[in-house]
Each structure stands twice: as structure tokens, then as C-alpha cells.
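This report concerns only the one structure given below.
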Amino acid sequence: MQLKFYKYQGTGNDFVMIDNRQNLFPKNDTKLIERLCDRRFGIGADGLILLENDNSTDLSTEKVDFRMVYYNSDGNESSMCGNGGRCLVAFAKSLNVINNNATFIATDGLHHATIDENGIVSLQMKDVDEVKIDTEYVFLNTGSPHHVTLVNDLENYNVKENGVEIRYSDLYGKAGSNVNFVNQISDNHFRLRTYERGVEDETLSCGTGATATAIAMNVIGKTNSNSIDINVEGGKLKVTFEKADKGFEKVFLIGPATFVFEGIIEI
Ligand SMILES: N[C@@H](CCC[C@H](N)C(=O)O)C(=O)O
């Protein structure tokens, strides 16, 4: 069978995109998804995303433009991917599924997003109502679980080695966590490197990780700002949010989402 695919990247976090509105993709074929994401034997990506019709019949929710189904490069379906969500909005626009505004459903609920004329996607992330603060780290869930810790000399830091240790530690059990290593550049500006579970390596960017880092830095008083710039290895992201009675709301992840190439692969 021939499979049409599109490759997108958001600050270097890259994804195979598939239009699955006809429901033809073999969604339970973990090995196939892993192979498509393989950088030597496949297309190469940190994850694979299906754009699907939303068939829910819940009349209480607003009109949904599409559904996002996300898989890590290990082939397993996982939790929310912020950069992937931004790229999916750009993909949906290219397919004429949306114009410049999107409402879509993902594993963590409903998302709203806008895309501007320069391809910058502003994606509303889920509200955050619980933040765990430890002396060494902050843990929070921004759609995916994130351990956030400040380190010195981030440039030369061994993200993979230290990331693996924390990801598989007793702290997070079988489910594990993504792990973010952070340096402060100025009051509202941070540098971030992320180890991603499911990719089991450092990626060039992680959107839910950048979101978690921005909120974590505010919570521990490293910044009072609610508009935070994050330099990741693959570019620049911005995160904005508002403090709520309990936690954080109106959380937005903002950055570029770019088409790379398209093709057909035999599966
Ligand atoms: N790259 C993503 C996060 C993807 C999910 C993560 N690997 C997990 O399984 O928790 C992002 O941009 O948020």
C-alpha cells in the first residue's frame, strides 16, 4: 500500500503528518510507525501525527475542526505534543481544513489555535492546576509530564545521560517523564534542552516542555513575568499565561511551524 505523507517541523521538533480523514492508516501497527519515524530506515521524525475527523457526537462542545492523534518515534501513542499540535494546525491550513483559526481535540482535551501570515502558530495549552515544587526540581503536567531543573553550563551538559537517569528513576515509575534542563539568560528569557520520553533522546525542541519550563520558572520566582522567551536547540518559542485562583490558565505556546517536504512511501 502507498502512503502519502507530509513532513513538518516546529523549532526542530519534526513530525510525519498523515491525513487520516478516510481512516485508512493502520493505527495499531507500532512497528510501522516506529519504522516511518526511523531516520535511517524510514522518513525520519520525532513523532507521527494523524489528522482525523472528529466523530464525537457530544453536542455540548463547540464545533471541532479535526482530531489530533500523536505517536512518539518509538511507535506508541502518547500524551499531548505542543510542537506537534502547532505543526498540525499548519498542516490543517494547507489541506483547507481550517483558515487561520482552529479548534481541535487532542488526548488532553480541546485546543484553540491561530496561525498568522508568517506561519507563527499560537496554540492554547491545557490549564495547569497542580505544580509540585521540590528543592531540586519542579514537576508539572502541561499535556505531557515534565520534570524541570536548573543546571549550570547547559551548553556542555549531558542531556541524554542525565535525562535517562531521571526519566527511569523511581520518581516517575513505569510511565516516566520528559526531562527539561534549564539556564536563565535574563529576567524573562531562558535556555532549554529537553530529553523526551518515547523518543528516548534529546530533541531539538519540546513544546509542552517549554510551556512547563515557563510556568516552573515563574512558580519558583526566577521570573515574575507571564510572557517568557525560551531558546531551544532548534529555535525560539514564547510562552504566555495567566495566574488563576488555582494554578495557571490561558496558557499559550507560540512559535513557527514549517512544512519541510512531502512524499509517498510503500508500507
Ligand atoms: N515533543 C512534544 C512532546 C511529545 C510527547 C512526549 N514525548 C511524551 O511522550 O510525553 C512537545 O512538543 O510537546
Side-chain angles (χ1 to χ4, degrees), residues 3-20 25-52 67-91 106-108 123 142-147 158-168 172 174-181 192-212 232-235 237 253 255 257-267:
L3 177 73
K4 172 89 181 145
F5 70 87
Y6 302 80
K7 173 89 183 270
Y8 275 74
Q9 61 88 10
T11 52
N13 206 187
D14 58 345
F15 308 98
V16 173
M17 299 289 188
I18 292 164
D19 176 1
N20 195 35
F25 187 78
K27 293 168 76 160
N28 297 322
D29 193 341
T30 309
K31 284 280 159 230
L32 169 68
I33 297 167
E34 190 180 13
R35 182 162 61 80
L36 292 173
C37 291
D38 192 289
R39 297 192 185 277
R40 293 182 182 84
F41 295 100
I43 301 157
D46 295 325
L48 180 143
I49 301 174
L50 304 178
L51 183 145
E52 298 192 337
R67 173 176 289 275
M68 170 179 180
V69 183
Y70 173 75
Y71 301 84
N72 280 318
S73 60
D74 66 2
N76 294 306
E77 192 171 343
S78 194
S79 42
M80 181 56 186
C81 176
N83 287 328
R86 293 188 311 95
C87 287
L88 194 61
V89 169
F91 181 44
T107 169
D108 62 341
L123 170 64
T142 52
S144 283
H146 284 278
H147 177 109
N158 194 329
V159 168
K160 185 160 183 187
E161 203 174 287
N162 290 290
V164 168
E165 204 176 306
I166 296 167
R167 184 255 195 263
Y168 287 104
Y172 301 116
K174 200 163 173 273
S177 176
N178 299 285
V179 187
N180 301 276
F181 301 100
L192 168 66
R193 292 176 65 191
T194 304
Y195 175 91
E196 270 195 54
R197 78 170 174 171
V199 181
E200 304 313 338
D201 207 343
E202 179 178 6
T203 56
L204 294 184
S205 175
C206 177
T208 47
T211 307
V232 293
E233 294 300 284
L237 290 166
L253 171 68
T258 309
F259 167 75
V260 187
F261 62 87
E262 63 186 79
I264 290 170
I265 191 165
E266 196 69 42
I267 59 169

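Only this structure's heavy atoms are used, side chains among them; waters, hydrogens and symmetry mates stay out. Here, residue 1 is the first one in the sequence, and each next residue gets the next number. As the structure is a prediction and not an experimental result, all values here were calculated from the model.
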Stepwise side chain to side chain contact (heavy atoms under 4.5 Å, CB included) check, Leu88 with Tyr70: CA-CA 10 Å; Leu88 194 61; Tyr70 173 75; over 6 Å; no
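- Here Ser177 contributes atom OG and Ile166 contributes atom CD1; the two are 9.0 Å apart, rounded to the nearest 0.5 Å.
- The heavy-atom pair separating Cys87 from Phe15 by the smallest distance is SG-CD1, 3.9 Å.
- No donor-acceptor distance shorter than 3.5 angstrom exists from the side chain of Arg197 to the backbone of Asn72, with no hydrogens or angles considered.
- With respect to Arg167 and Glu200, a salt bridge is recorded, a charged nitrogen being found less than 4.0 Å from a carboxylate O.
- Between Glu202 and Val159, the shortest heavy-atom distance links the atoms OE1-CB, 3.7 Å.
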Residue pair Leu123, Met80: steps toward the side chain to side chain contact (heavy atoms under 4.5 Å, CB included) verdict: CA-CA 12 Å; Leu123 170 64; Met80 181 56 186; 4.1 Å; yes
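- Remark: side-chain polar atoms of Thr142 are paired, donor with acceptor, to backbone N or O of Thr208 under 3.5 angstrom.
- A donor-acceptor distance shorter than 3.5 angstrom exists from the side chain of Asp14 to the backbone of Asp46, with no hydrogens or angles considered.
- Judged purely by distance below 3.5 Å, without hydrogens or angles, the side chains of Asp74 and Asn76 pair a donor atom with an acceptor atom.
- To the nearest 0.5 angstrom, Leu48 atom CG is 10.5 Å from Phe5 atom CZ.
- Distance CG/Leu204 to CD/Gln9: 9.0 Å, rounded to 0.5 Å.
- Side chains of Thr194 and Asn180: a donor-acceptor N/O pair is present below 3.5 angstrom, by distance only.
- Using a 4.0 Å cut-off between charged side-chain N and carboxylate O, Asp29 and Arg35 make no salt bridge.
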Side chain to side chain contact (heavy atoms under 4.5 Å, CB included) assessment of Glu196 paired with Asn13: CA-CA 11 Å; Glu196 270 195 54; Asn13 206 187; 3.6 Å; yes
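- Minimum interatomic distance between Leu32 and Pro26 (heavy atoms only, all atoms of both residues): CD2-CG, 3.6 Å.
- Asn20 contributes a side-chain N or O that, together with a main-chain N or O of Phe25, makes up a donor-acceptor pair within less than 3.5 Å.
- The two residues Ser79 and Gly143 come nearest to each other via the heavy atoms CB-O, 3.2 Å.
- In this structure, a donor-acceptor pair under 3.5 Å is absent between the side chains of Asn178 and Ser144.
- Shown here are the ring pair (Phe, Tyr, Trp, His ring centres under 6.0 Å) partners of His147, two or more places apart in sequence or in another chain: Tyr137, Tyr172.
- Here CZ of Arg86 is found 9.0 Å from SG of Cys81. Values are rounded to the nearest 0.5 Å.
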All N/O donor-acceptor pairs, side-chain side in residues 258-267, below 3.5 Å, sequence neighbours left out:
from, atom 1, to, atom 2, distance (Å)
Glu262, OE2, Lys4, NZ, 2.5
Glu266, OE2, Met1, N, 3.2

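- With values rounded to the nearest 0.5 angstrom, Leu253 atom CG is found 5.5 Å from Leu237 atom CG.
- Atom CD1 in Ile18 sits 9.5 Å away from atom OH in Tyr71 (nearest 0.5 Å).
- Thr11 and Ser205 share a donor-acceptor pair across their side chains, judged by distance under 3.5 Å alone.
- Under a 3.5 Å cut-off, the side chain of Lys7 and the backbone N or O of Ala45 do not form any donor-acceptor pair.
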